[in-house]
Amino acid sequence: MSIKIFHTATRKKEVFSPRQVGKVGIYVCGITAYDVCHIGHARAAVVFDVVVRHLRSRGYAVTYVKNFTDIDDKIIARAQKEGVAFSAIAERFIELHNQDMAALGVETPTITPRATDHIGEMISFINILMEKGFAYAIDGDVYFAVNSFQQYGGLSGRVLDEMQAGARVDINDKKKNPMDFALWKTSKEGEPFWESPWGKGRPGWHIECSAMSRRYLGDTFDIHGGGEDLIFPHHENEIAQSQAASGKPLANYWMHNGFVKVNSEKMSKSLGNIFPIRDILKNYHPEVLRLFMLQSHYRSPIDYSTDSLNEARAGLIRCYTTLRQLKEIAGTSANSAMMPANEKSPSKHKDYINRLNELTEKFDAALDDDFNTAQGLGYVFDVVRLINNFVTAERNILVAGKSAVLQEAKKAFEHFGAVLGILQDDPDHFFLTDKEMESRKRGLDIMEIEKLIKGRQEARIARDWARADEIRSQLAGLHIVLKDSKDNTTWSIE
RNA sequence: GGCGGCAUAGCCAAGUGGCUAAGGCAGCGGUCUGCAAAACCGUUAUUCUCCGGUUCAAAUCCGGAUGCCGCCUCCA
C-alpha cells in the first residue's frame, strides 16, 4: 500500500515516492517567536506531528526540520516596546512554544534550527543569487528579481502580470518590480544587525527557510509543509530563491494545513478572538484539543468553539472508558461467579481478533490516503464498540480465557494512540484530570461532592433509596453523574 | 479586480463514479440496574444546496445558479 499526499502545486493527491528508499526529509515552517502560540499554531504542529508519526509507523526514517524565526520586524517591535534585546524576546517565546508543544504531546522535531544561527549561510546564499543574476542590491538592500525566475507563481497558481493588475503596490520603492521581495534589509538606527557585503543589515523573511532547509536536508528534499496562508508569498518565494540558486526542485511534495476559525471567523488580533494554547489547556485535557483537530481532515478549515471542544471531550471519554475497562479486567482476579471459556470460545475469539486486525489495517490505509485522520478515527471508534461488545458478551468469563483478545485490543489502541498522539494517558489519571478541570471550571468542590456521595453510599447500604435518590438528584443539578457498582460509586461531570 | 476552496442527518464530520452514504455528539426504543449512569443491541439522511448535462450507473464528472470562506499585506 502506497502513501498518497495532496500536493499543493498540482492540487491532486500524488503517490508518495521518497528520494531515498526508506528515508524522508521534511521541512515545516515554524513560528516567529514574538508572542505565545495560539490554536492555529497548535493545528499546524499537530497535523505535521501526525504526518511524521504515521510515516515513522510505516517504517520510514524521518528527518523532520522545523525552524524558529528569531529575528523579524515584530520581534524587534516588541523588544523596543519592552526595552529588552530582541534575542530576549525570541528566547522567551521559543521557551513558551516548547512548553506548549510538549503539553500537546507534539514530538520534538529532529532539528529545530534558528534563523540567527545561520546568517552566514544566508549571506552566501544571497551571494549565489547575485552571481547568477537573480538578485540585485540597492542602498544596502538586496532584492530577488521575480521576473528573472520563469516559474514564479507555480506553487500558488498565480501569474505575475495578473497579480499586478489589481494588487496593492508599494509606492516609492527601490524595487524593479513591485513583486520583488527582500533577501537582505538594511538595519535602521538602533536595530539589530549583522555585517554583510551590502553593509549592516538583517535577512529578509524567506531566505532563512531556503538556507536552513538546504543545510539540513539538501537542495531537494521530500516534503515541505506549513499553514495554507504561507503558500503565497512565503513558499512561492522560497521556491524561487532555492531553485534559482541550485537549479533543482526544492521539495517534491508541498503540504498545507487549513485554518482554525473561531465562530466561523478568521482568528485575528483585531477581532480579539485569538486563543492561546496555554489558556485552552487550563480547561481541557490536551488530547481533547488533538482529537478536536484530528476529527477533521487537515486541509479543511475547522471551527473552534467550546461546543466543539466539549464534543471532542465526550468522544475522548468514550475511548478512555473502554481503556479503563481493559485495565480493570486485566487487574481482576478470578471470581467464583466466573466460568472458564467454553469450547465455542476459541472460534469466537478468533473472529474478534480478525476484526481487530482488519480495523487496524483500515486505520493505516486511511492515514496512507493523505493522512485522513477523520476516517482513521472512525475505525478507532469501531474498535471501541467492538471491544465494549466483547467485554459485555464475555463478562462472566475468566480473564485467562479471553486474554488473547484483550492483548490484541491493547495492541490496537497502542498503535492508534502512537500515530495520533492520543490515548497516551493512564485512564485513571485521565479521568482524574478531567474531573479536576471540570470541577474548577464550574466552581465545584471535589471534597464536598465526595462527602455527599459518601452519605449516599450509607443510605444505599441502609436501602434508603429515597434518601439516596435525593442526593443523586441534588448532584445531578450540578451536572454530576454517578455510577454505582457493587461496592462503590464513581462520578463524573457532564 | 485576480486566484482558490467549501456546501452531506438536529450539530460536527468522512466518503469524490457502482456493495446497505463511515464515525462522533445529541435523540428515541430495548437489555442491564433498587432506580440510574456507563456499556451493549436496535433505531434516526431513498438521499448528499439548487437547476441542467455526460454515463448502463453520480453525493462523487461537466456547465450554470445561490450561499459561505480563504489567499493576493504580517500571519499556522
Side-chain angles (χ1 to χ4, degrees), chain A residues 8 11 13 28-32 34-35 37-48 72-74 77 153 156-159 161-170 179 205 225-234 236 256-261 264-269 274 291-292 295-297 299-303 305 307-308 310-319 321-322 324-325 362 366 369 372-382 384-385 387-393 395 460 463-466 468-469 472-473 476 480-486 489-492 494:
Chain A
T8 301
R11 298 203 175 83
K13 284 183 200 172
V28 175
C29 293
I31 60 152
T32 298
Y34 77 105
D35 206 345
C37 291
H38 54 66
I39 184 167
H41 299 111
R43 186 177 194 195
V46 168
V47 163
F48 288 103
D72 129 298
D73 290 348
K74 294 187 292 295
S156 54
R158 283 158 217 262
V159 179
D161 297 342
E162 289 176 5
M163 258 190 301
Q164 289 159 28
R168 279 159 274 188
V169 174
D170 309 21
M179 298 307 293
W205 173 34
E228 67 179 3
D229 53 319
L230 297 179
I231 296 171
F232 190 91
H234 183 53
E236 199 69 72
H256 294 94
N257 64 277
F259 262 62
V260 178
K261 298 189 298 178
S264 309
E265 283 177 315
K266 186 181 168 174
M267 261 194 313
S268 75
K269 296 225 157 159
I274 304 264
L291 186 65
F292 160 63
Q295 263 174 334
S296 300
H297 187 91
R299 280 186 278 114
S300 311
I302 53 174
D303 206 350
S305 66
D307 281 352
S308 52
N310 286 333
E311 278 193 13
R313 170 177 172 253
L316 195 61
I317 284 173
R318 181 166 163 79
C319 294
T321 301
T322 297
R324 183 168 58 182
Q325 279 259 50
K362 284 185 166 177
D369 185 10
N372 193 334
T373 54
Q375 191 174 58
L377 276 165
Y379 298 123
V380 173
F381 282 102
D382 283 344
V384 167
R385 177 177 295 109
I387 295 309
N388 286 340
N389 174 296
F390 177 75
V391 169
T392 304
R395 64 181 169 279
R460 288 184 72 224
R463 302 195 150 255
D464 182 355
W465 306 125
D469 289 352
R472 185 170 56 201
S473 55
I480 291 163
V481 181
L482 303 182
K483 180 189 169 192
D484 295 328
S485 60
K486 282 192 182 65
T489 296
T490 57
W491 60 282
S492 57
E494 294 221 313

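Quick note: numbers below take in every heavy atom, side chains included, and nothing from hydrogens, waters or symmetry partners. Letters A, B, ... mirror the listed sequences (proteins, then strands); counts begin at 1. Quantities reported herein were computed from a predicted structural model and do not represent experimental measurements.
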*Using a heavy-atom cut-off of under 4.0 Å over every strand shown, decide if A:F381 touches base, sugar-phosphate, or nothing.*
sugar-phosphate
Residues passing the side chain to side chain contact (heavy atoms under 4.5 Å, CB included) test with A:E494, sequence neighbours excluded, are A:V481
A:N257 atom CG is separated from B:A76 atom P, nearest whole Å, by 11 Å
| query | Quick one: are A:T321 and A:N388 in side-chain contact, heavy atoms under 4.5 Å? | reply | no
**Prompt:** Quantified in whole Å, what is the P atom distance between nucleotide B:G53 and nucleotide B:A59?
**Reply:** 15 Å
RNA chain B nearest-nucleotide lookup for A:A314 and A:C29: closer to the 5′ end is A:A314
Residues passing the side-chain hydrogen bond (donor to acceptor under 3.5 Å, both in side chains) test with A:D229, sequence neighbours excluded, are none
RNA chain B in dot-bracket form (Watson-Crick or G-U pairs under 3.5 Å, [ ] crossing, | inter-strand) is ((((((((.[[[..)..(....]]].(((((.......))))).....[[[[[..)....]]]]])))))))....
Rounded to whole Å, CD1 of A:I31 lies from P of B:A76 at a distance of 8 Å
Hits for side-chain hydrogen bond (donor to acceptor under 3.5 Å, both in side chains) against A:R43, two or more places apart or cross-chain, chain-then-number order -> none
Residues at least two apart in sequence or cross-chain that pass salt bridge (Lys or Arg N to Asp or Glu O under 4.0 Å) with A:R460, listed by chain then number, are A:D484
Practice item. May I ask you to say what A:G40 touches in the nucleic acid, namely base, sugar-phosphate or nothing, with a heavy-atom cut-off under 4.0 Å? Key: base
_Could you check whether any side-chain heavy atom of A:I31 comes within less than 4.5 Å of a side-chain heavy atom of A:C37, counting everything from C-beta outward?_
yes
Residues passing the side chain to side chain contact (heavy atoms under 4.5 Å, CB included) test with A:P233, sequence neighbours excluded, are A:H206, A:N237
Give me the distance, rounded to whole Å, that separates B:G34 from B:G42 when you measure between the C1' atoms they each carry. 26 Å
Atom P, compared across B:G67 and B:U73: separation rounded to whole Å: 27 Å
Rounded to whole Å, CZ of A:R158 lies from C1' of B:G2 at a distance of 9 Å
Those residues at least two apart in sequence (or on a different chain) that pass ring pair (Phe, Tyr, Trp, His ring centres under 6.0 Å) with A:F259 are none
With sugar-phosphate taken as primed atoms, P, OP1 and OP2 and all else as base, the protein-contact string of nucleotides 29-45 of chain B at under 4.0 Å (heavy atoms; B, S, -) is -----BBBBSSSS----
Residues passing the side-chain hydrogen bond (donor to acceptor under 3.5 Å, both in side chains) test with A:N389, sequence neighbours excluded, are A:Y352
When rounded to whole Å, the CZ to P distance for the pair A:R299 and B:G4 reads 16 Å
Applying side-chain hydrogen bond (donor to acceptor under 3.5 Å, both in side chains) to A:R299 and not counting sequence neighbours gives A:D370
Among B:A22, B:G24, B:A76, the one nearest any side-chain atom of A:D382 is B:A22
In whole angstroms, the gap separating C1' of B:G23 from CG of A:L316 amounts to 15 Å
A:N310 CG to B:A26 C1', in whole Å, measures 13 Å
Walking RNA chain B from its 5' end, the first of A:G227 and A:L377 to be reached, judged by nearest nucleotide, is A:L377
### Message
For a quick check of understanding: with a heavy-atom distance under 4.0 Å over all strands, which category does A:V28 fall into, base, sugar-phosphate or nothing?
### Response
nothing
Integer angstrom distance from the C1' of B:G64 to that of B:G23: 34 Å
### Task
Report yes if the side chains of A:F381 and A:R318 come closer than 4.5 Å at any heavy-atom pair, otherwise no.
yes
Side chain to side chain contact (heavy atoms under 4.5 Å, CB included) filter on A:S300, not counting sequence neighbours, yields A:H297
In short, A:G376 meets A:A366 closest at the heavy-atom pair N-CB, 3.7 Å
Here the distance between atom P of B:G70 and atom CZ of A:R11, to the nearest Å, is 18 Å
Scoring nucleotides 11-19 of chain B by protein non-hydrogen atoms under 4.0 Å (B base, S sugar-phosphate only, - none) yields B-SSS----
- For B:G4 versus B:A65, give the span between their P atoms, rounded off to a whole number of Å. 16 Å
In whole angstroms, the gap separating P of B:U73 from CG of A:L230 amounts to 14 Å
message = Taking B:C56 as the reference, what is the distance to B:C61 when you measure between their C1' atoms (whole Å, please)?
response = 16 Å
